[in-house]
Structure formats: structure tokens, C-alpha cells
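In what follows, a single structure is set out as C-alpha cells and then discussed.
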Amino acid sequence: QEELNALVWCDHTDPALIEPFEQAHNVKVNLREYEGTGAALALLDQSRPGDWDVLVIDGIDVFRAVEAGILAPLDGVSTEDFFPEVVMAENNSVDGVMYAVTEKFGYNTISYNADKVDPADMESLATAWSDKYQGRISIYDYYLPVMGLAAIAGGIPTAEIGADDMEAIGGTLSAMRGNAASVAGVVAAQTALATGEVDIVVGGGEWLTAVLAGDQPNLTWTIPAEGAVRWAQSIGVVAGTEKPDLAKEFVKYIVSPEGQARLATSSCFWGMPANAKAGEFLTDEQKAVLRWDNQPDYLARTQLYPAPDADLDVEMQDLWLETLQQ
Amino acid sequence: MSRDTARGWGFVAPALLWTLAFFVVPFVVMGAMSLATLERREVVWGLSLANYAELAEKAYLWRAVLVSLEITLTVTVVSVVLAYPLAWIIAFRVPKRWQRLALLLAILPFWTSYVVRSYAWLLVLAREGVVNQTLMNIGLIAEPITLANTRFATITGFVHFFVMLLTLTIYANLVQLSPNYRRAAMDLGANAFQTFRHVILPLTLPGIVTGAFLTFVLCIGDYVTPQILGGNTELTVPQVIMVQLGRRADFPLAAALAIVLMGIVTMAYLACARWLRLDRI
Amino acid sequence: MTAPVTLRGLNHWFGPFHALQDIELSIEAGEYVTLLGPSGCGKTTLLSVLGGFIEPTEGRVEIGGRDMTRVAPAKRPTTTMFQDYALFPHMTLRDNVGFGLRMAGMGRGERHRRAESFLDLVGLADAAGKRPHELSGGQRQRVALARALAVEPDVLLLDEPLGALDLKLRRAMQDELKAIQRKVGTTFVHVTHDQEEAMAIADRIVVMNAGRIEDHGPPARIYREPATLFAADFMGEMNHIPARGTGTATETPFGLLARAVQGRAVACIRPEALGTTEAALCIGAAIVRDAAFFGTHVRAHLVPEKAPDLTLTAHLPPASLPAPGESLTLWADPDAFRVYALED
Amino acid sequence: MTAPVTLRGLNHWFGPFHALQDIELSIEAGEYVTLLGPSGCGKTTLLSVLGGFIEPTEGRVEIGGRDMTRVAPAKRPTTTMFQDYALFPHMTLRDNVGFGLRMAGMGRGERHRRAESFLDLVGLADAAGKRPHELSGGQRQRVALARALAVEPDVLLLDEPLGALDLKLRRAMQDELKAIQRKVGTTFVHVTHDQEEAMAIADRIVVMNAGRIEDHGPPARIYREPATLFAADFMGEMNHIPARGTGTATETPFGLLARAVQGRAVACIRPEALGTTEAALCIGAAIVRDAAFFGTHVRAHLVPEKAPDLTLTAHLPPASLPAPGESLTLWADPDAFRVYALED
Amino acid sequence: MRALPWAYLIAAFVFIYLPVGALVLFSFQAGGLPVPPFEGPSLRWYAEITGDRDLMEALGNSLLVALGSSFVAVVLGFLAAYGLARHVLPGSALIRGLLIAPLTVSYLIVGLGLLIVLTRTGVGLSLVTAGIGHVVINLPLAFAIIYASMGAQQQNAERAARDLGAGEAQVIWLVTVPMLAPAIAAAFFLSVTLSWDEFIIAFLLTRFDVTLPVEIWSLLRSGLSPRLNAIGSLVFLVSVTVVLILEILIFRRKS
Ligand SMILES: Nc1ncnc2c1ncn2[C@@H]1O[C@H](COP(=O)(O)OP(=O)(O)OP(=O)(O)O)[C@@H](O)[C@H]1O
Ligand SMILES: Nc1ncnc2c1ncn2[C@@H]1O[C@H](COP(=O)(O)OP(=O)(O)OP(=O)(O)O)[C@@H](O)[C@H]1O
Ligand SMILES: [Mg+2]
Ligand SMILES: [Mg+2]
């Protein structure tokens with residue numbers, strides 16, 4: 001039996017997603033989750049060619065992977081049925097060559113408990129993390145989206161964040177941190193929300209609250225007036241793979257409507273499928289949770305993750321850790 | 001070399017080689033790595049102190065060292081102070097035939113998965129968790145207080161684990177003492193406290209110090225508990241190391257942090273080497 | 001500095017196990033008493049009752065005329081010397097010996113002076129600064145003694161104090177222990193299972209068995225006229241000769257003894273009471289099975305012709321070693337026999 | 001089944017420590033020899049050299065006439081019985097005793113039969129299926145003996161085989177050990193530091209001290225005419241009387257002895273050789289310091305008037321216990337004295 | 001005053017059982033969140049986890065790594081202890097120190113060092129590498145426990161066996177190992193426990209096949225759910241059963 005090695009985010013580990021592919025192609029898909037592009041690049045750097053076949057990566061980091069020679073050109077994967085805003089050809093290609101395709105997207109914005117806070121306050125970033133909610137805020141523990149939100153709150157487009165903006169962003173972060181009770185990972189943030197530990201999660205979104213919605217419908221999320229950060233993950237074939245065809249088949253499966261529907265509602269976290277045709281395989285409830293119908297509006301008002309170059313990235317991480325540890 | 005010695009080497013060699021290959025060599029490589037630098041995601045070997053300089057420079061790095069030290073020392077002291085009376089009571093107050101059971105009960109939770117145990121504390125300490133509910137029910141507090149996602153939570157999680165561990169070691173130390181020491185002291189007019197202070201404590205000191213040292217080592221190097229319970233509002237050294245690995249794959253800086261951690265443990269070792277009995281656990 | 005001890009109607013149970021049974025005993029002030037008995041007979045239990053480590057289920061302990069049954073060890077005028085000595089390994093000898101004084105609140109200088117004088121008493125004045133692990137077994141034993149004596153107890157309780165020493169050292173320490181007791185005048189209650197030690201040292205021996213006192217009295221009396229067969233055996237080697245009581249006398253294979261018992265009985269005689277010099281009772285010819293030189297005597301096993309199933313042990317004069325197979329004529333003094341009736 | 005042993009010019013060093021010094025010894029086939037000496041004198045070391053556990057630095061070990069100095073323990077016709085018996089706790093007695101036979105490749109059935117016959121020899125035939133922890137000390141000792149004998153060694157080496165037993169049992173086992181040796185005829189070399197045991201059991205005693213052989217010979221000879229002062233002391237209690245050699249005779253506080261030594265000397269006499277019945281030499285009046293009844297005798301410490309610095313120990317007849325302070329007149333046979341010159 | 005120790009004992013047990021109690025209770029939660037209020041008993045989460053392929057695979061992997069690494073650690077530890085206790089080796093104190101040394105080093109450092117070396121020598125990460133890491137941390141314990149129990153009693157039994165004609169291998173197999181069985185079992189048991197529960201080394205040194213703690217960690221990052229309670233409780237109940245069985249067996253044997 002052939003094996004396919006994929007370096008992925010946790011949503012790909014759902015058997016409901018993988019097993020149909022395994023059966024169809026009689027292969028075993030080995031999955032390794034990772035956190036943070038840096039770790040994935042380091043892992044791939046240290047591997048021998050052929051160790052890995054498929055890579056799921058943050059959309060904004062595709063170019064870094066290409067620079068590092070990690071992704072192979074990807075052709076023949078159709079993006080026709082995709083939401084146009086998330087095809088993001090400029091992100092997924094370098095020098096006109098396509099290396100990856102978007103597979104899933106969603107938002108880092110404000111999640112909150114509608115019973116405990118004034119929903120009107122949540123419609124503005126400035127009021128969402130204001131002193132009014134001191135001690136009732138949790139910040140999602142990933143620097144890029146949160147700093148993106150801070151930038152958006154300060155009127156800086158995420159795509160244009162530069163070293164000069166660090167001070168402004170730092171100031172906003174600091175204020176946010178001052179009002180926050182914790183800086184939390186997924187479960188900690190969910191626990192905090194579910195148990196009333198906090199009422200607002202900055203950086204949250206559908207991926208955070210969807211699983212809680214069934215039991216606590218008062219937990220919801222919104223995209224404030226200033227906008228929010230949009231995340232998108234891409235999938236591509238790793239350079240040097242010994243099974244380029246199988247790898248491409250896998251990519252194709254993931255971006256197919258069925259694959260997309262399964263990925264969107266994967267057990268680890270939910271998110272919008274890049275392929276609009278996936279809607280045919282989703283139930284109405286699922287669509288409601290994903291807010292399928294609001295997507296045109298959301299897509300228009302949100303900005304992609306900041307995509308810092310290596311130096312700026314280090315600076316941003318330092319600033320982030322500095323703020324945590326203050 | 002005599003034949004006996006040659007045979008002896010034969011027996012020791014596998015363990016020794018294993019330790020050399022998978023402990024000493026990695027350790028040395030890590031030391032070397034801490035002197036390398038990261039340039040454009042490539043490790044450049046060399047003899048640079050840049051990582052250590054960065055450590056001294058960046059507040060979040062050196063503060064992590066302080067945070068780790070504070071938490072670890074607190075945990076060690078609190079655990080010993082809580083575990084000693086427990087071990088004492090089990091050894092000297094609980095009737096002989098119930099002692100095994102009491103001890104077994106005291107360490108059974110040890111067998112829940114460590115990761116899950118930390119998570120369980122998160123549930124217990126939550127705003128609507130058991131602790132807050134109880135405190136409110138008995139009227140000690142009016143409003144729930146924030147316990148989860150704090151240093152207090154981290155320390156609680158640690159103390160829970162190490163109290164179990166230390167109770168076991170201290171109990172073992174107490175019962176292996178001849179009961180005649182206690183009898184002799186009392187017979188010569190010492191009261192219970194004096195017996196403890198002048199006789200039992202000094203006699204169990206090596207055991208306590210050994211247990212405390214192991215607590216120190218395990219606690220200062222642990223990533224899971226502060227990550228789950230600490231709320232990320234302050235980072236310990238292992239957390240910072242994992243950030244260096246996970247987000248930016250900065251192995252040299254992570255190695256330098258590890259070396260610093262090792263330095264702290266070594267100092268702790270030297271501080272209590274006089275009483276340590278590591279080869280008799 | 002010394003006090004009498006009276007035990008009345010003591011009974012103690014460990015769960016269902018009756019460890020001490022109807023113990024009645026009076027010990028005079030300044031007396032040296034040994035509790036002698038086999039392992040598990042309750043010696044340590046009795047001593048623990050005296051020292052206050054065990055509260056007896058029934059009965060009364062009086063020390064110096066006052067009821068002490070429920071008084072804690074620390075409050076009693078007794079001190080115990082433990083079999084393993086229980087010296088505090090982390091303290092110098094001086095601090096070990098001074099421990100009781102320190103607990104009594106005595107100041108440092110005075111305490112050290114006193115501790116050293118007690119170390120002097122046991123011949124260890126030079127070693128005051130050493131720690132127990134630097135000492136030999138005999139020296140540790142002395143420190144334990146000094147520590148126990150330093151608090152000037154009325155009664156000193158010693159649980160197999162010489163048990164850990166080798167035979168030679170043990171015999172030497174016996175003399176020393178006795179000499180020190182003479183000097184300080186304290187009542188000593190000394191547990192042992194070695195009857196030679198008990199005889200060498202005690203003013204009075206209390207023979208225990210299975211939780212009861214079988215016999216008590218001065219060593220010579222217990223050796224020569226033990227009250228029970230158990231005591232007879234425990235006090236030294238004894239030849240057992242099956243006998244039969246006629247009500248007015250006792251029949252043995254070697255003739256009639258003037259002892260009034262009835263039914264199955266056993267006549268006992270010690271090896272040294274059998275001899276080759278003529279005496280009132282003739283045991284008759286006996287064949288030497290083996291013989292060994294023991295310095296002061298030759299110990300021989302002999303099979304008497306009158307009772308070929310029996311093997312007698314006799315102590316013969318050390319001058320000549322009889323060869324195995326040799327035939328000797330044995331004699332004994334009829335008064336040297338003790339006869340015990342056996343229950344059927 | 002039995003063989004003579006010869007040791008020639010044995011020397012052994014542990015690093016700088018000279019543990020065995022110029023050992024020369026011949027043991028006849030079937031002889032029962034004990035090595036007697038204080039702790040640390042090298043008894044175990046010598047036995048280990050015999051058993052092959054230690055290769056001596058110098059010298060030669062011959063067993064049955066063949067050089068065995070460098071032969072491994074397993075290949076020697078010797079077996080060792082260890083002080084703690086070293087029984088295998090996880091095996092039944094049958095398997096313990098059969099272990100050597102199993103190593104020799106003997107089949108299961110035959111092995112069990114043989115093992116059981118040896119258990120029978122030591123009186124434990126019924127217990128073949130038990131494990132060592134179910135046995136008493138004396139029974140374990142027998143199993144160890146059976147195990148050692150089962151491989152039918154020419155020489156059996158016993159390292160303090162009775163050391164772990166209490167006194168009573170020890171004396172009983174001595175007889176048994178000797179009886180078994182008689183039966184199997186194997187050469188026994190038995191280490192002990194108990195001189196009574198050595199006397200009770202040995203055909204020949206080898207007295208060792210600090211790595212040397214001080215004396216060797218039959219028990220009675222060594223007891224009565226020990227070659228050295230050390231041997232004299234070790235074989236039993238001894239009174240030491242300071243003396244002075246005139247070259248032709250020896251001056252003591254109690255008169256002249258016909259022993260030709262020169263310079264500072266010591267005259268020795270055993271306690272049982274001092275008595276109150278008239279003899280050739282009058283020690284004179286002596287004050288009783290203390291006296292204790294020992295069953296077969298009364299042991300008294302006395303201070304002679306002619307030498308008030310001295311304390312003499314005497315064994316007196318058990319009939320009467322002299323009171324402390326009483327004055328007795330002591331006598332001795334001058335031939336009972338041994339005189340040893342002292343180096344200055 | 002007399003009641004004080006008992007009050008302390010009870011308080012201590014409450015503290016010790018607080019998280020376990022909460023964990024087990026909410027594993028039976030009928031609702032979707034393991035937080036109060038408790039909505040009534042249900043076994044749905046147990047059904048869910050036992051049906052979860054990854055989780056069950058991880059459980060198997062954990063067992064494999066724990067047993068395998070403990071076996072290696074105990075064998076190596078035993079051999080080293082035997083060699084040091086029964087043969088004269090120059091510098092034996094140093095060797096002992098070296099063998100014990102990993103005990104004084106945090107798991108994270110052991111894992112990080114191995115990660116650096118393994119990835120740089122091109123040895124792929126797998127359950128085997130995690131097992132290697134676990135041997136590193138368990139070897140000192142196994143060695144220390146077995147070495148400490150190698151007393152004079154065994155030594156004499158070994159000499160006796162040799163004297164009766166056994167070769168070294170026979171001595172070890174027929175005498176030393178059976179006599180040290182309690183210590184060896186204790187070392188093995190402790191080693192299994194530690195390996196079974198170890199997270200950071202397994203996290204750093206595995207790739208596709210992960211151990212249970214690592215799988216639980218992933219679960220923990222993927223959302224709040226009583227599944228976590230259920231898997232934790234299941235591990236607890238199974239371990240407790242094993243511990244109790246062992247305890248009873250050993251206890252029975254002793255008495
Ligand atoms: N705490 C206890 N619980 C139950 N039984 C006990 C306890 N202490 C002693 N025993 C039993 O009481 C009996 C007497 O014990 P004790 O220690 O007094 O004997 P001993 O005469 O001192 O014996 P030894 O010479 O062996 O020390 C023994 O059978 C012992 O098993
Ligand atoms: N392996 C060794 N290394 C160094 N010295 C040793 C060794 N074995 C024994 N010795 C020393 O050699 C001397 C003789 O030891 P040995 O064991 O033969 O004495 P022993 O007569 O059997 O004493 P004991 O009656 O105490 O058993 C002792 O001083 C001992 O310390
Ligand atoms: Mg006792
Ligand atoms: Mg010896």
C-alpha cells in the first residue's frame with residue numbers, strides 16, 4: 001500500500017475527511033500537525049527529499065515556502081468554482097507560477113458572550129477591548145491575527161505593516177493586554193468563554209465558537225466596523241516528492257466540493273471552504289453556523305493576515321512576547 | 001586490564017554507550033548549537049555569544065528565567081511543606097494496615113494522564129468551576145474570583161502533582177527509620193515537636209532534599225502545566241523555548257535557553273549536593 | 001535515682017493475641033532484674049509496658065509507689081536503652097548523651113559538662129566529639145547506656161542491650177554493665193534470651209514463656225531448682241529421662257528417686273551432675289558416642305546400657321578425652337535430679 | 001569424596017594491605033579443621049583462596065595433590081557453604097540442593113532423587129517442596145549443608161556456618177555438623193571466631209591473627225599449651241600476671257616459676273586452674289570483688305593481697321556464692337602456668 | 001488537637017481528588033461542554049472516543065513505546081548495575097554518575113538535544129525515536145533502583161551458584177534475575193508509568209504515529225469537549241485497575 005506524507009493543520013486529521021480519499025486511492029495518508037510556519041519550514045529543511053508530499057500552509061506564507069524551494073509548481077488544479085476573493089493568485093504564485101491553492105478561510109475577529117456584553121460595543125474594535133471590559137477579555141494566542149487587528153484598529157492596512165508601525169501596534173497591544181485576563185489557546189479560550197471566565201475573545205471567530213454554539217447559543221462573533229483579519233490556508237505539493245501524481249490527486253480531492261465540505265466542518269475547527277460549490281454538500285444548519293450568506297460582505301470588509309518578511313517577523317514576535325511578558 | 005574488568009565493561013557498555021550517544025552527545029551538540037546563529041533560517045555554526053547576549057537584552061527572555069525560578073521555588077517549597085505532614089500522618093497516625101491503602105489512594109490520581117490533569121484543573125478553577133462555586137456557597141466570597149489562567153493556577157497544578165510524588169518519597173523515608181528513634185527521643189523527655197525538630201527532620205533531610213531536587217528539576221523543565229493553566233500572561237523558560245522552536249525554528253536561541261535552564265539546575269544541584277542521594281531513590 | 005517497681009495483674013492483648021498473661025512482679029529499688037525467655041515470649045512487650053510505650057489492656061504499673069500505668073514515657077522516671085541503641089546518627093556523642101538534659105531545659109555549658117562526665121563513666125571521654133557511625137558496636141552500646149543514665153532515671157530498662165555484640169565482647173560488656181549498675185544504684189530491668197548473660201549479671205532472673213512468668217528468683221535457685229520443666233531447659237543443658245511417678249516415688253531406668261509425683265513424668269539432670277566418680281546412684285555402664293574437649297571439661301555423649309534409646313550428655317573432667325566406643329560407668333547424686341510430672 | 005589440602009607460602013595483599021602472611025598448612029583427607037581468629041584476621045580470605053574466589057598474590061594451593069592455585073571455583077573439588085547460607089530464595093529446597101547437579105548436566109529425575117537423598121541426610125526429607133523463607137535458621141543451615149554436599153566435593157569449606165544462629169541452636173547444630181562430617185568423610189574446613197565452637201567440633205584448630213597462623217593443633221593442646229599469648233587469650237579466659245624472666249626462671253608476685261625466659265614477661269593461668277583447695281603454689285589471700293553463679297561454677301573476681309593492682313578471675317565450685325568483701329585463700333598448680341616473654 | 005491530623009488528611013485527599021473528580025464527573029456530561037451545569041449522565045463521549053481511530057491508535061502506540069522503552073531501559077539498567085556491582089571497574093563512581101546524570105536534566109532538554117541531533121543526522125522521527133528518548137530518561141531510574149537492591153545477599157547466592165558450577169550467564173539468569181525480580185519489576189513498572197505519561201519528549205520526537213499524551217494535546221488544541229474528560233477518565237480507570245490488580249497480586253504474594 002502506498003503512503004502519502006502530509007504536513008498539515010489539525011483540521012486535516014479528521015478521519016471523515018481523510019478516509020474517503022484513502023479508500024478511493026488505496027493509500028495510507030500519514031499526517032503530521034504543526035504549529036507555526038517556522039516550525040514547518042524547519043521540519044522540511046531538515047528532511048530528505050521525498051520525505052514529504054503535501055504541505056498545508058498559511059496563505060500568506062506560500063511565498064516563503066517557495067523561496068525556500070519547498071513547494072513544487074502546481075498546475076492543473078482548477079480554482080474556477082472558488083469564491084473569487086479567496087483564489088488569491090498573487091499569494092499562491094511566485095513569478096507567475098502557481099505553487100498552491102487556497103483551501104479554507106475564515107476570520108480572526110471578535111467572539112463574545114451576547115448575554116454579558118453589549119453587542120453594540122462589539123461592532124467597534126476600539127470599544128471591544130476598551131476598559132469597560134477590563135478583566136473580561138481573552139486574547140487569542142497567535143501574534144499575526146491579533147497584531148493585524150491592532151493594526152486595523154489603528155487604521156493601518158495589514159498588507160502595509162512595516163517596522164515603523166511597530167510602536168503604534170505595540171501601544172494598542174499593550175492597552176489590549178492591560179484589559180485582558182488571559183492570552184489563550186483554543187481550548188483555554190473556549191473554556192474561558194463557556195465558563196464565563198471571560199466574555200470577549202479578541203482574535204476569535206467561527207472556528208472558535210462554532211463548536212460551542214450548540215450548547216451556548218449566546219456565544220457568537222461579529223466583524224466590527226473597522227473590519228477584521230481574514231485567515232486563509234493553502235495547500236500544495238512538496239518539491240522532491242516521489243509521488244507527485246498522488247500528491248496532486250490529494251490536493252484535488254481537498255479542493256473538490258465534497259472534500260471542501262468535509263474540511264469546512266472538520267472536527268478540529270470549522271471554516272469557510274474556498275470552493276463555493278461545497279455549499280451543495282453542506283446542510284443548512286452547517287451553512288448557518290458558517291454564515292454562508294454573509295460571506296460577500298465579510299470578504300469585502302476583511303483584510304488578509306499581515307505577511308511580514310523575515311526581519312519584521314522576528315520583530316513582531318518579539319513585540320508580541322514582550323507584551324505578553326509585561 | 002584483568003579478565004574480570006573486561007567482563008565488567010561488557011556489562012556496563014550498552015547502558016554507557018546509550019547514555020553517551022543519546023544523552024551526552026546531544027547535550028554537547030546542543031551546547032554547540034547555542035553558540036551558533038540563525039541567518040535566513042539557516043543555522044550557522046560558530047562560536048558566537050549572540051544568543052546569550054540576546055537573552056540578556058530582551059526583557060521577555062530574561063524575565064522568563066525569573067518567572068520560571070519564582071514558580072519553581074514556590075512550587076518546591078509549598079509541595080514539601082504540604083507533603084511532609086501528609087506523609088507523617090500516613091506513617092504515624094494511620095493504623096499500619098491502612099497505610100498502604102492510604103498511600104495508594106494518595107497517589108492514584110498520578111495515573112490520570114498528566115496533560116488531562118492540567119486541563120482538569122482548568123475546569124476546577126474556572127469562574128463557574130467547583131472551587132468558586134463552593135467558596136460562594138459557603139459564603140466566603142460574593143463574586144467568583146479569577147483563579148484559572150493565572151500563576152496561582154500554574155502553581156496549583158504543579159503542587160498537586162508534586163505533593164503526590166513527595167508524599168511517597170517522604171513516607172518511604174519516615175517508615176524506614178527505626179521507630180526506636182522516636183521512642184528514644186520521647187523517652188528522654190522530648191515532646192512531639194521537639195522529636196520532629198531534633199530527630200526526625202534531620203534524619204529524613206537527605207530524602208527530603210532528594211525529593212525536592214527532583215521536584216525542582218521536573219518543575220522547571222515542564223511545559224504542559226504553565227501552558228495550559230498559566231493563561232500565557234507570563235511565560236516560563238520552557239514556553240519560550242517552545243515558541244522559539246514552533247514559531248520561528250530558532251534552534252540556536254532555544255539551545256541557549258536550554259543551556260541556561262541547565263545552568264540553573266546545576267546550581268540547584270550544587271546547592272543541595274551535600275544531602276542528595278540520587279543513586280538511592 | 002532509684003525506685004521499686006510493682007506490676008499487678010498485667011494482661012495485654014494484641015488483637016486476639018494474648019501477649020502478656022497475669023503478670024505479677026515486684027522489683028526492689030536498686031535491684032538488677034533480667035527478663036529471660038525465648039523469642040516472642042513477650043519480653044519486649046513487658047518492657048514496653050514498663051517504659052510507657054504500650055498501655056496494658058489490664059493491670060497496673062507502679063514505679064516508686066505511684067501509679068504510672070497511663071503516664072507517657074517522657075513523664076516517667078524510666079529510661080529505655082533500645083536493642084539497636086537508637087543513637088541519633090546526626091549528633092555527636094556529647095549531644096546524644098546531653099539530649100535528655102537539653103529537653104529538660106538545661107543550659108549548654110552545664111549540659112556538656114554532664115554529658116562528658118557520663119561519657120567518662122562509660123570510658124568514652126575522649127570520643128565526645130565523634131559521631132555514632134565512627135564507633136564500634138561495643139562503644140555504641142556504652143554511649144546508649146550513658147545517654148540513658150544521663151537523665152538519672154529511677155529505673156533503667158534495657159532491651160537486649162548486648163544482643164548485637166559478638167560473644168567475646170558480650171561477655172566483657174556484661175561485667176561492665178553490672179559494675180556500672182553497682183556504681184549508680186539505679187534499678188535495672190534487662191531483657192535477654194541468653195541464659196548465661198542472665199546468670200552472669202542478674203540479682204534475680206524472671207523466666208518468661210508464652211506471655212507468662214514461669215519462674216523467678218536468684219540465678220542459683222533457678223538453675224538448681226527450676227520451678228517448671230520449661231525453666232529447667234531454658235537455664236542450661238539438661239538430660240531428660242523418661243520416668244513414672246508412683247505417687248510416693250519416681251521410677252527411672254536407673255532406679256527409684258524419692259520424689260512424690262503421679263503418672264508420666266520426666267527426671268532431669270544437668271550434664272555436670274553426671275560423673276565417673278562414685279556417688280549414691282549408679283547409672284551404670286555407658287558407651288561413649290563422641291566426646292569433645294571444652295577447656296574446663298570434656299563434653300561427652302553417652303548411651304547408657306540400662307536405657308539404650310537414650311543419649312546422655314555428661315561433663316567429664318578435662319584431663320582425658322575418652323574415645324568413641326569406650327565404656328564408662330556413670331554415677332550421680334540422687335538429689336541432683338528434678339522430676340516434673342507430664343500431663344497426659 | 002575426600003582429599004588432603006596443602007597450602008605453601010601463601011601471601012595475599014589487598015592493595016597495600018597484607019591480608020595473608022606466609023601461610024603454611026597441611027590438612028589431611030577427612031580431617032575437620034577450624035580456622036579460628038578475631039574479626040578481620042583473614043579467615044574468610046584464606047577460605048576464599050581455598051575455594052578459588054581469590055587468587056593469592058603468592059604461594060600455592062594443592063588439593064588432592066594437584067596444584068589448584070589458578071583453577072576457577074566451579075572446577076575445584078571444593079564447595080563453599082556461606083555464612084548467610086546463600087540459599088536461592090526463589091527455588092524449592094529440592095532445586096536448591098539439586099542446583100549443582102543441574103549445572104553438571106544431570107537429568108531431572110536423577111537429580112531430584114539425589115537432592116532428596118541429601119535432604120534426607122540432614123533430616124529435611126519432608127520439606128523438599130518448601131522454599132527457604134519457610135524454614136527456621138537451623139533448617140536453612142542444614143539445607144545449605146545438603147546443597148554443598150550434593151555435589152560430593154572432596155573438601156567442604158564453611159564460612160561461619162553457625163554465625164547466624166542463636167546460641168542454643170548453635171550448640172545443637174555443632175553436634176550435628178560433626179556427625180554428618182563423620183558420616184560423609186569429606187575434609188571440612190570451618191571458619192569461626194567462637195572458640196567454644198572450634199573446640200567442640202574440630203580435630204584440629206588453626207588460630208589466626210592479623211593474617212598469620214599463630215598456632216595449630218588439637219583443641220586440648222592449644223587450650224592447655226597455646227604457642228603464643230594471643231592464642232592463649234583467644235582460646236578462653238586467661239589471667240595475666242606481670243612477671244620477669246631471670247633467664248633461668250620467672251619471678252611473679254606469687255613466687256618463682258620454673259620457666260626459662262629473659263626480661264619482661266607475663267605469666268598466664270586459666271580461671272579454672274585457680275582454686276581454694278590446697279595445691280603446690282599458694283597465691284595467698286584474695287578479697288572477693290564480685291561473684292556470679294554460672295551453673296557449673298561460680299565466677300569470681302578477686303584482688304590478691306600480694307598484688308593489689310591485679311584482678312584475678314577464678315572459677316570456684318558452684319556450691320556456695322562468696323559475698324563481695326570476703327577473703328579467700330587461693331592456690332594453683334605451678335604447671336598450670338604458661339609464661340610468655342614480652343618484647344620491650 | 002487529636003482531630004487535626006485527620007482534618008488535614010481529609011483536606012489533602014480533597015485537594016488530590018478535586019481535579020480527578022471533576023474530570024470523571026464531566027466525562028459523563030450529556031451536553032456538549034464539560035462545564036457546569038452537569039446535564040445528566042451519558043456515555044456518548046466514551047462511545048465517541050472508543051470509535052476514534054487516531055485516539056485508539058495513539059493508545060496502542062503509547063503502550064508500545066512504554067513497554068518497549070521500559071524493557072530496553074530495564075535490560076540496560078540491569079546489565080549496568082550488575083557490571084558495576086559485581087566487577088571491579090576503574091572509575092566506577094564516574095560511570096555511576098554518568099548513568100544517573102539524565103535524572104538531573106529536564107525532559108525538555110533531553111528532548112531538545114535529541115531533536116537537534118536526530119534531525120541533523122537525518123534519522124527520521126518516529127515512535128522509535130520517542131522510545132529512545134524515553135529510554136534516556138528511564139535508564140537512570142532503572143539503574144538506580146536495581147543497583148540499590150544488589151545487596152550482599154544476592155552476591156553470596158551468585159558466588160554459591162558459581163561455586164556449584166554455574167557459568168556467568170547461568171548465574172545471571174538462574175539466580176540474579178529471579179532474586180532481583182521485585183526490584184526489576186518495580187523499575188519496569190515505574191518506567192512504564194513515566195513513559196506512558198510523558199509528553200514533551202514524545203511531542204518533539206514523533207512524526208505521524210504519536211503517543212496518547214501527544215494525541216490528547218492535539219485534541220486539547222482543537223476545542224473544548226467532554227471527549228477530553230472521557231479519554232482522561234478512561235486512562236485513569238484502566239490504570240487504576242491495573243495498579244490495583246498488581247497491588248493485590250503482589251500484596252497477596254507477600255502475605
Ligand atoms: N504490635 C504488635 N501487634 C501484634 N502482635 C505483636 C505486636 N508486638 C508484638 N507482638 C507479638 O507479641 C509477642 C511478643 O512479642 P515481643 O516483642 O514482646 O517478644 P520478645 O519476647 O521481645 O521476643 P524477641 O526476643 O524476639 O524480641 C510476639 O508473638 C509478637 O508477634
Ligand atoms: N576485597 C578487599 N579489599 C580490601 N581489603 C579487604 C578485602 N577483603 C577483605 N579485606 C580486608 O582483609 C582483612 C581480612 O578480611 P577477612 O574477611 O578475611 O576477615 P575475617 O577474618 O573473615 O573477618 P570476619 O570474622 O569479620 O569475617 C580485613 O581487614 C578486611 O578489611
Ligand atoms: Mg524483644
Ligand atoms: Mg569472614
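Proteins come first, then strands; the chains are lettered A, B, ... in the order of their sequence lines, and each starts at number 1. What you see is a predicted model; the values in this text were computed from it and never measured.
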Candidate list C/Leu302, C/Leu316, C/Leu312, test side chain to side chain contact (heavy atoms under 4.5 Å, CB included), partner C/Leu274, passing option: C/Leu312
Report which part of D/Pro218 has an atom under 4.5 Å of a heavy atom belonging to chain C: side chain, backbone, both, or neither. neither
[atom2] on [Y] to [atom1] on [X], rounded to 0.5 Å:
X	Y	atom1	atom2	value
C/Thr228	C/Ile222	OG1	CD1	9.0 Å
C/Ile213	C/Leu46	CD1	CG	6.5 Å
D/Glu134	D/Arg140	CD	CZ	10.0 Å

So which part of C/Asp233 gets closer than 4.5 Å to some heavy atom of chain D, the side chain, the backbone, both or neither? backbone
At a 4.5 Å cut-off on heavy atoms, which part of C/Ala172 comes close to chain D: side chain, backbone, both, or neither? neither
Return the option, out of [options], with the maximum number of heavy-atom pairs under 4.5 Å with chain D.
options	value
C/His297, C/His301, C/Glu237, C/Gln195	C/His301
C/Asp290, C/Asp175, C/Asp194	C/Asp175
C/Glu196, C/Arg224, C/Arg270	C/Arg224
C/Phe293, C/Tyr223, C/Phe234	C/Phe293

Between D/Tyr32 and the options D/Arg182, D/Gln181, D/His190, D/Lys178, the side chain to side chain donor-acceptor pair (under 3.5 Å) test singles out D/His190
What pair of heavy atoms forms the shortest contact from D/Thr311 to D/Val303, and how long is it? OG1-CG2, 4.4 Å
